[in-house]
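The analysis underlying the following values was restricted to heavy atoms, covering all of them including side chains, and did not include hydrogens, waters or symmetry mates. Note that the numbering runs from 1 along the sequence shown for the chain.
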Amino acid sequence: MNTDFKFTIKSICLDENYHPAQSTRITTNFANLARGSYRQANLRNALKMIDNRFNALAHWDNPNGDRYSVELEIISVDMDIAGSGESFPSIEVLKTNIVDHQTNKRLAGIVGNNFSSYVRDYDFSVLLRAHNKGKSSFSIPDNFGELHGKLFKYFISSDTYQQHFNKPPVICLSVSDNKTYYRTENQHPALGVEYQPNESSLTEQYFKKMGLQVRYFMPANSVAPLAFYFVGDLLNDYTHLELVSTISTMETFQKIYRPEIYNANAVAGKCYQPNLKNLDHSLTQIVYDREERSQLANEQGKFAEQHFIKPYQTVLEQFSASYA
């Protein structure tokens, strides 16, 4: 049986006129912002926040704080399963592009940033939930995340990825609210101060199966560290401007989605415990439906089960068994 998957990459500009495609997971950060009566104002304000944060971080040769702007592309990856001619929405990420208004040049940023995956929804909202239903203690199913991880690595090593992008992805997520993070002496000019967690999280373990390692940094004038998932050498494989494009984009989303952590009024100290019940925080002027986001994750996981996991179970099992 043919287990050679083919990928198709589509790109759409994320600007104030953006409307989510039908195949887009509606819990994705940018898709959630682009719905309802406030959609255009949400997008306009979020993009302005990103530009302002970028210029604050890229302050050299930038006396007026307006030298740069960030353009965002939504990269959607469809997968043709085993030559069936039918495609499934595999993953969706963001690509940053940097516009230098002083030199009139457009620089490539980083691909990844935000990470969206129906199969990940299936793993966490369907498979993991069913595995622990009725049990007194939490556990992880055998081979949890194996298929998703191998599909991601297969895509990153594919000719399709190499033809579109010249560097591996960097995915930027929130810190975990059930871990403790300790400040180190290591400091990077763009990423800021490094933190280390007291233990590995389930998210870390899941992304490790995708071939990604993680480091935690708190950029200048931030209030909490961010989790950077990457391949290779995060500090040396990317330019400062590339890293700043990821920081400014994803910190903005986190301020909107998790203000208790990333828009808190107190800065993380040497020993930091994130708290989603923190009342001492400020809200942005951007409308975000967080409750709906968590409710819909289960529906999206069932969508993946119905349209991907079950119909192609044999093919996927063969692929997972054969792909290193």
message: Between Leu235 and Leu243, is there shared hydrophobic-cluster membership here, with clusters defined by ILVMFWY side-chain heavy atoms closer than 4.5 Å?
response: yes
Pairwise salt bridge (charged side-chain N to carboxylate O under 4.0 Å, His left out) hits with a residue in residues 314-324, at least two apart: none
task: Taking the side chain as every heavy atom from C-beta outward, state whether Val93 and Ile171 have any atom pair closer than 4.5 Å.
output: no
task: Following the transitive rule for hydrophobic clusters with a side-chain heavy-atom cut-off under 4.5 Å over Ile, Leu, Val, Met, Phe, Trp and Tyr, establish whether Leu226 and Val267 coincide in one cluster.
output: yes
message: Please evaluate residues Tyr238 and Thr246 with respect to the criterion side-chain contact (heavy atoms from CB on, under 4.5 Å), reporting the C-alpha separation (whole Å), side-chain torsions for both, the decisive distance (0.1 Å), and the verdict.
response: CA-CA 11 Å; Tyr238 304 90; Thr246 287; over 6 Å; no
message: Parallel, tilted or perpendicular: which one describes the rings of Phe308 and Tyr312, with boundaries at 30° and 60°?
response: tilted
field: Close side-chain approach of Thr249 and Leu94, heavy atoms under 4.5 Å
entry: yes
message: side-chain contact (heavy atoms from CB on, under 4.5 Å) for Cys172 and Ile247? Distances and angles first, verdict last.
response: CA-CA 8 Å; Cys172 184; Ile247 295 166; over 6 Å; no
query: Any donor and acceptor pair, going by atom type alone, linking the side chain of Arg67 with main-chain N or O of Thr103 inside 3.5 Å?
result: no
- line: Between His148 and the options Phe207, Tyr206, Tyr122, the ring-ring contact (aromatic ring centres under 6.0 Å, His included) test singles out Tyr206
- prompt: Got a sec, which pairs hit ring pair (Phe, Tyr, Trp, His ring centres under 6.0 Å) with one end in residues 167-187, sequence neighbours left out?
  reply: Tyr181-Tyr216
field: Heavy-atom side-chain proximity of Asn263 to Val223 below 4.5 angstrom
entry: no
message: Asn178: which residues meet the side-chain hydrogen bond (donor to acceptor under 3.5 Å, both in side chains) condition with it, sequence neighbours left out?
response: Ser176
query: What pairs with Thr96 under side-chain hydrogen bond (donor to acceptor under 3.5 Å, both in side chains), at least two apart in sequence or on another chain?
result: Ser245
message: Do Ser174 and Ile261 make a side-chain contact, defined as non-hydrogen atoms from C-beta onward lying under 4.5 Å apart?
response: yes
Residues forming a ring pair (Phe, Tyr, Trp, His ring centres under 6.0 Å) with His59, sequence neighbours excluded: none
message: Checking Leu202 against Phe144 for the side-chain contact (heavy atoms from CB on, under 4.5 Å) test, could you report, in this order, the C-alpha distance in whole Å, the side-chain angles of both residues, the deciding distance, and whether it holds?
response: CA-CA 10 Å; Leu202 180 56; Phe144 182 71; 4.2 Å; yes
task: Name the orientation class of the two ring planes belonging to Phe5 and Phe319 (parallel below 30°, tilted from 30 to 60°, perpendicular beyond 60°).
output: tilted
message: Distance check, rounded to the nearest 0.5 Å: Leu47 atom CG versus Leu14 atom CG?
response: 5.5 Å
- prompt: Does the side chain of Leu151 reach to within under 4.5 Å of the side chain of Tyr323, using non-hydrogen atoms?
  reply: no
message: Holding to side-chain contact (heavy atoms from CB on, under 4.5 Å), I want the full list of residues that pass it with Pro311, two or more places apart in sequence or in another chain.
response: none
- prompt: Got Val175 and Tyr195 here, is their nearest side-chain heavy-atom distance under 4.5 Å?
  reply: no
statement: The complete set of salt bridge (charged side-chain N to carboxylate O under 4.0 Å, His left out) pairs with one or both residues in residues 265-288, sequence neighbours excluded, reads none
message: Once side-chain contact (heavy atoms from CB on, under 4.5 Å) is applied, do any residues pair with Thr184, and if so which ones, sequence neighbours excluded?
response: Asn186, Glu194, Gln196
query: Less than 4.5 Å apart, any side-chain heavy atom of Ile156 and any of Lys153?
result: no
task: List in chain and number order the residues that pass ring pair (Phe, Tyr, Trp, His ring centres under 6.0 Å) with His307, two or more places apart in sequence or in another chain; answer none if no residue qualifies.
output: Phe303
query: Quick one: do Leu276 and Tyr262 end up in the same hydrophobic cluster if we chain Ile, Leu, Val, Met, Phe, Trp and Tyr together by side-chain heavy atoms under 4.5 Å apart?
result: yes
- request: Please identify each residue that fulfils salt bridge (Lys or Arg N to Asp or Glu O under 4.0 Å) with Glu71, with sequence neighbours left out.
  value: Arg106
query: Does atom CD of Gln285 have more than 12 heavy-atom neighbours, drawn from other residues, nucleotides or ligands, at distances under 6.0 Å?
result: no
- request: Could you walk me through whether Asn265 and Ser282 pass side chain to side chain donor-acceptor pair (under 3.5 Å), step by step?
  value: CA-CA 7 Å; Asn265 295 325; Ser282 302; 3.0 Å; yes
query: Does Tyr118 belong to the same Ile/Leu/Val/Met/Phe/Trp/Tyr cluster as Val315, with side-chain heavy atoms less than 4.5 Å apart forming each link?
result: yes
message: I need the Asn64 CG to Asn55 CG distance, nearest 0.5 Å.
response: 10.0 Å
task: Dump the intermediate steps for side-chain contact (heavy atoms from CB on, under 4.5 Å) on Leu234 and Leu191, then the final yes or no.
output: CA-CA 10 Å; Leu234 177 68; Leu191 292 165; 3.9 Å; yes
field: salt bridge (charged side-chain N to carboxylate O under 4.0 Å, His left out) contacts in which one or both residues fall within residues 45-62, not counting sequence neighbours
entry: Arg53-Glu251
- request: Evaluate the side chain to side chain donor-acceptor pair (under 3.5 Å) criterion for residues Ser320 and Glu146: first the C-alpha distance (whole Å), next the side-chain angles of each, then the deciding distance (0.1 Å), finally the verdict.
  value: CA-CA 7 Å; Ser320 189; Glu146 291 283 346; 5.7 Å; no
- line: So the salt bridge (charged side-chain N to carboxylate O under 4.0 Å, His left out) pairs with at least one residue in residues 217-242 (sequence neighbours excluded) are Lys167-Glu242
- request: Return yes if some donor-acceptor pair links the side-chain N/O of Ser222 with the main-chain N/O of Met218 below 3.5 Å, else return no.
  value: no
- prompt: What's the spacing between Lys208 NZ and Tyr229 OH if we round to 0.5 Å?
  reply: 12.0 Å
- request: Side-chain contact test, heavy atoms from C-beta onward, threshold under 4.5 Å: evaluate it for Ile140 versus Phe138 and give yes or no.
  value: yes
